[in-house]
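Below is one structure, written out as structure tokens; comments come after it.
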Amino acid sequence: MKLLENKVAIVTGAARGIGRATAELFAQHGAKIVMSDIDPAPLNEAASAIRKSGAEVLEVPGDITDPQFPDKLVRSTLEKFAGLDIIVNNAGYTWDGVVHKMTDQQWQAIIDCHLTAPFRTVRAASTFIRDSAKKEQAEQGKAKARKIINISSTSGTRGNAGQINYSAGKSGVVGMARTLAKEWGMFNVQANAVAFGWIDTRLTHAKEEQVKIQRGEAEIELGIPGDRLQQMAKMIPMGRAGTPQEAAGAVLFFASPLSDYVSGQVLEVAGGM
């Protein structure tokens with residue numbers, strides 16, 4: 001059974017990791033996918049691979065923290081597919097530091113990406129979502145279900161040393177989802193968050209692999225020290241990191257009709273921690 005037949009879904013940060021796995025799974029379930037990412041080359045590769053499976057895919061490359069980009073993303077979606085049913089606010093990265101060493105630039109960059117950008121994306125979609133729901137209610141007696149899924153983290157639900165910026169942003173999107181559930185419940189919108197623990201992506205590889213990204217003039221080293229990864233594995237009852245595909249399954253639940261009466265919730269996906 002295809003759970004998302006003919007649904008239109010935006011997935012940000014869709015070129016790699018959880019975002020790509022989510023886009024792939026949504027496509028398998030019949031959705032039309034709008035894939036966004038700051039890195040055009042891997043975005044094109046991911047979109048091309050999904051397109052080969054027979055899915056309809058739109059690529060919208062760009063920086064989600066650009067104040068103008070969320071409007072462009074939503075506008076491009078509506079121009080291409082004339083609808084929007086699901087938004088997955090997934091784009092993100094980490095720029096860690098303990099409180100007394102964290103700069104304003106580090107703080108603001110992560111808040112902009114993990115909290116302000118999801119807010120702007122939902123705000124950009126608000127006119128279409130609200131107006132469509134009102135029209136459907138007037139004509140059919142009920143609006144069709146639409147979904148907002150914010151990707152959070154156990155750093156946001158529990159805190160994490162060295163990640164005050166990331167933890168604050170990931171906590172914020174939980175509050176955002178719960179607020180949207182209350183404001184938009186009348187429009188049959190279900191807003192939820194998925195808080196991931198250790199998922200095996202480039203953000204959580206051993207730092208020794210030297211994965212770096214460029215954000216403005218800053219070069220940011222991604223990953224976790226190898227000895228800490230070993231400690232993390234021992235703390236997880238299942239004894240391992242989750243895969244992006246396992247992570248995507250939780251997102252699919254919140255995007256599907258299986259969650260049509262589930263709203264304002266946060267689901268931790270952390271291997272039993």
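Around CD1 of I164, the count of heavy atoms belonging to other residues, nucleotides or ligands within 6.0 Å does not exceed 12. Within a 6.0 Å radius of NZ in K80, other residues, nucleotides and ligands contribute 12 heavy atoms or fewer.
Across every non-hydrogen atom of N160 and S155, the tightest pair is CB-OG, 3.4 Å. Closest heavy-atom contact between C113 and G92: SG-CA, 3.6 Å. Across all their heavy atoms, G271 and P237 have their closest contact at O-CD, 3.5 Å. When every heavy atom of K101 is checked against every heavy atom of Q106, the shortest pair comes out as O-OE1, 3.9 Å. Listed here is the closest heavy atom pair of G156 and S152: CA-OG, 4.5 Å. In terms of heavy-atom proximity, A270 sits nearest to T154 at CB-CG2, 4.1 Å.
L84 is not connected to V11 by any chain of hydrophobic side-chain contacts under 4.5 Å among Ile, Leu, Val, Met, Phe, Trp and Tyr, and they are in different clusters. When the side chains of ILVMFWY residues are joined at heavy-atom separations under 4.5 Å, either directly or via intervening members, V8 and V122 end up in a single hydrophobic cluster. Put simply, M186 and V262 are part of two different groups of oily side chains (I, L, V, M, F, W, Y) that touch within less than 4.5 Å, one to the next. No continuous path of ILVMFWY side-chain contacts below 4.5 Å connects L3 to I87, so the two sit in separate hydrophobic clusters. In terms of hydrophobic clustering, with Ile, Leu, Val, Met, Phe, Trp and Tyr side chains grouped at heavy-atom distances under 4.5 Å, I110 and M102 are assigned to different clusters.
N90 places no side-chain N or O within donor-acceptor distance of the main-chain N or O of I151, the cut-off being under 3.5 Å. In this structure, the side chain of E24 does not engage the main chain of A49 through any donor-acceptor pair within 3.5 Å. One N or O on the side chain of N188 and one on the backbone of A143 form a donor-acceptor pair closer than 3.5 Å. Here the side chain of T12 pairs no donor or acceptor atom with the backbone of N89 at under 3.5 angstrom. Remark: side-chain polar atoms of S256 are paired, donor with acceptor, to backbone N or O of F253 under 3.5 angstrom. The backbone N or O of D96 sits nowhere less than 3.5 Å from a side-chain atom of T94 that would complete a donor-acceptor pair. In terms of modelled atom types and a separation under 3.5 Å, the side chain of H29 and the main chain of L4 share no donor-acceptor contact. A side-chain donor-acceptor contact under 3.5 Å links R178 to the backbone of G264. Side-chain atoms of E136 come within 3.5 Å of backbone atoms of K144 as a donor-acceptor pair (strictly under, hydrogens ignored).
In this structure, V189 and R146 have side chains that are in contact, with non-hydrogen atoms separated by less than 4.5 Å. Residues W95 and Q105 are in side-chain contact: their nearest non-hydrogen atoms beyond the backbone lie under 4.5 Å apart. The closest side-chain heavy-atom distance from V251 to F196 is below 4.5 Å. Under the 4.5 Å side-chain criterion, counting only non-hydrogen atoms from C-beta, S263 is not in contact with W184.
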Task: Chi angles and distances behind the side-chain contact (heavy atoms from CB on, under 4.5 Å) call for F119, M176 - done: CA-CA 8 Å; F119 158 70; M176 187 176 113; 4.1 Å; yes

TODO: Would you sort out whether T201 and R16 count as a side-chain contact (heavy atoms from CB on, under 4.5 Å), showing the intermediate values?
DONE: CA-CA 8 Å; T201 71; R16 305 178 178 89; over 6 Å; no

TODO: Decide side-chain contact (heavy atoms from CB on, under 4.5 Å) for M273 and I236; before the verdict, give the C-alpha distance in whole Å, the side-chain angles of both, and the deciding distance to 0.1 Å.
DONE: CA-CA 6 Å; M273 285 186 64; I236 298 171; 3.6 Å; yes

Task: D37 vs R20, salt bridge (charged side-chain N to carboxylate O under 4.0 Å, His left out): CA-CA, chis, key distance, verdict - done: CA-CA 10 Å; D37 202 279; R20 176 168 179 168; over 6 Å; no

Task: Worked check of side-chain hydrogen bond (donor to acceptor under 3.5 Å, both in side chains) between S259 and Q190 - done: CA-CA 8 Å; S259 65; Q190 292 83 54; 5.4 Å; no

Open item on the list: Let's go through M235 and W198 carefully: what are the C-alpha distance in whole Å and the side-chain angles of both, what is the deciding distance for side-chain contact (heavy atoms from CB on, under 4.5 Å) to 0.1 Å, and is it a yes or a no?
Closed with: CA-CA 11 Å; M235 293 172 61; W198 180 19; over 6 Å; no

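Ion pairing between E183 and R130 fails under the 4.0 Å rule for side-chain N and carboxylate O. Under the 4.0 Å criterion applied to side-chain N and carboxylate O atoms, D260 and K147 are assigned as salt-bridge partners.
If you run side chain to side chain contact (heavy atoms under 4.5 Å, CB included) between F254 and each of L267, N150, V88, I86, only L267 comes through. Partner of V173 under the side chain to side chain contact (heavy atoms under 4.5 Å, CB included) criterion, out of L115, V266, I149: L115 alone.
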Show the atom names and distances, to 0.1 Å, of all donor-acceptor pairs under 3.5 Å that link a side chain in residues 62-76 to residues at least two apart or in another chain.
unit_1	atom_1	unit_2	atom_2	d
D63	OD1	T65	N	2.9
D63	OD1	T65	OG1	2.7
D63	OD2	T65	OG1	3.1
D66	OD1	Q68	N	2.9
S76	OG	K72	O	2.8

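The aromatic rings of Y166 and H114 sit perpendicular to each other, their planes meeting at more than 60°, with 30° as the lower class boundary.
A donor and an acceptor atom, one from each side chain of Q108 and D112, are located under 3.5 Å apart.
Legend: side-chain hydrogen bond (donor to acceptor under 3.5 Å, both in side chains) pairs involving residues 245-254, not counting sequence neighbours, sorted by first then second residue: R240-E246, T243-E246.
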